[in-house]
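Shown next, in structure tokens, is the structure this report addresses.
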Amino acid sequence: MNTTVSCELHLRLVVSSESSLPVPAGLRYDTADPYAVHATFHTGAEETVEWVFARDLLAEGLHRPTGTGDVRVWPSRSHGQGVVCIALSSPEGEALLEAPARALETFLKRTDAAVPPGTEHRHFDLDTELSHILAES
């Protein structure tokens, strides 16, 4: 049986050192895909941007800078509050988002309860995933 953990939160899109914009977002973790967190950023009335990144990346980013390339994550402070900075880079552009550290930590604790870190392989059906990949080719 698959379990899904989700969380709605409000991020800040950093526009400049003095300016940021609110970005509602949703995080989703599914035990059927135990290594990944799916993020949906609501960028307009009907527009969304989807990203998928490693749960371990977010967890490590709560405590120290991590990631290379398209996704980098690090702890910081903004207006006296703990935040986690998430830098995203793609051919379409770059974005720096600030997530409330407590909300992200609570979400990750809930994912850890569903699939404890280090046990992801027990929830991953390699045969099913390979048949999906081969069916697409």
Side-chain angles (χ1 to χ4, degrees):
M1 178 174 85
N2 292 338
T3 300
T4 300
V5 177
S6 58
C7 168
E8 297 294 322
L9 65 160
H10 291 278
L11 308 180
R12 303 293 305 173
L13 173 64
V14 178
V15 179
S16 71
S17 60
E18 293 87 31
S19 179
S20 64
L21 299 170
V23 177
L27 300 178
R28 186 177 50 80
Y29 177 80
D30 190 329
T31 58
D33 190 5
Y35 293 100
V37 170
H38 298 255
T40 302
F41 305 106
H42 302 279
T43 58
E46 298 292 321
E47 300 170 23
T48 61
V49 175
E50 306 278 334
W51 278 76
V52 179
F53 34 84
R55 174 175 68 157
D56 289 348
L57 182 75
L58 285 180
E60 189 173 336
L62 284 171
H63 307 288
R64 70 188 130 279
T66 188
T68 58
D70 295 348
V71 181
R72 293 176 291 118
V73 184
W74 65 93
S76 189
R77 297 198 67 74
S78 178
H79 304 289
Q81 301 294 314
V83 296
V84 175
C85 294
I86 303 170
L88 305 173
S89 178
S90 76
E92 289 79 34
E94 297 182 355
L96 175 58
L97 299 156
E98 293 178 345
R102 279 195 177 170
L104 193 55
E105 185 174 16
T106 299
F107 170 74
L108 288 168
K109 282 181 182 178
R110 291 174 52 219
T111 71
D112 290 353
V115 177
T119 67
E120 293 90 350
H121 65 281
R122 295 181 192 152
H123 298 268
F124 190 73
D125 186 348
L126 183 59
D127 291 334
T128 300
E129 294 303 319
L130 282 175
S131 63
H132 285 353
I133 291 170
L134 294 173
E136 293 175 5
S137 26

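Only a predicted model underlies this, so the values are computations on that prediction, with no experimental measurement involved. Atoms considered below: every heavy atom in the structure, side chains included; atoms not considered: hydrogens, waters and symmetry mates.
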Return the [atom1] to [atom2] distance between [X] and [Y], rounded to the nearest 0.5 Å.
{"X": "D70", "Y": "L88", "atom1": "CG", "atom2": "CG", "answer": "8.5 Å"}
{"X": "H38", "Y": "T4", "atom1": "NE2", "atom2": "OG1", "answer": "9.5 Å"}
{"X": "W51", "Y": "I86", "atom1": "CH2", "atom2": "CD1", "answer": "11.0 Å"}
{"X": "R55", "Y": "L27", "atom1": "CZ", "atom2": "CG", "answer": "13.0 Å"}
{"X": "R28", "Y": "T111", "atom1": "CZ", "atom2": "OG1", "answer": "13.0 Å"}

Compare every heavy atom of [Y] with every heavy atom of [X], then report the nearest pair and how far apart it is.
{"X": "T31", "Y": "A114", "result": "CG2-CB, 4.0 Å"}
{"X": "Y29", "Y": "A36", "result": "CD1-O, 3.1 Å"}
{"X": "T40", "Y": "E50", "result": "OG1-OE1, 2.9 Å"}
{"X": "P65", "Y": "P75", "result": "N-CD, 4.0 Å"}

message: Within the 4.5 Å heavy-atom criterion, are F41 and L97 side-chain neighbours or not?
response: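 Yes. Closest side-chain heavy atoms under 4.5 Å.
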- request: Please tell me if the side chains of L11 and L13 come closer than 4.5 Å, counting only heavy atoms from C-beta onward.
  value: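 They are not in contact (no side-chain heavy atoms under 4.5 Å apart), so the answer is no.
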- prompt: Does L57 belong to the same Ile/Leu/Val/Met/Phe/Trp/Tyr cluster as V115, with side-chain heavy atoms less than 4.5 Å apart forming each link?
  reply: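 Both belong to a single hydrophobic cluster.
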message: Please tell me whether V23 and V49 are part of a single hydrophobic cluster in this structure, the criterion being side-chain heavy atoms less than 4.5 Å apart.
response: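 The answer is yes; both residues are in one hydrophobic cluster.
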F107 and V37: CA distance, side-chain angles, deciding distance, side-chain contact (heavy atoms from CB on, under 4.5 Å) verdict: CA-CA 10 Å; F107 170 74; V37 170; 4.0 Å; yes
task: Give a yes or no on whether R72 atom CZ has more than 12 heavy-atom contacts from other residues, nucleotides or ligands under 6.0 Å away.
output: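 Open.
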message: R12 and side chain to side chain contact (heavy atoms under 4.5 Å, CB included): which single residue from P100, S20, S19 fits?
response: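 When side chain to side chain contact (heavy atoms under 4.5 Å, CB included) is applied between R12 and each of P100, S20, S19, only S20 qualifies.
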field: L108, V84, T66, V71 screened by side chain to side chain contact (heavy atoms under 4.5 Å, CB included) with L58, the one that passes
entry: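 Result: among L108, V84, T66, V71, L108 is the only option passing the side chain to side chain contact (heavy atoms under 4.5 Å, CB included) with L58.
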task: Enumerate the residue pairs fulfilling side-chain hydrogen bond (donor to acceptor under 3.5 Å, both in side chains) with a member in residues 84-105, sequence neighbours excluded, ordered by first and then second residue.
output: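 Qualifying pairs: S78-E98, S90-E92.
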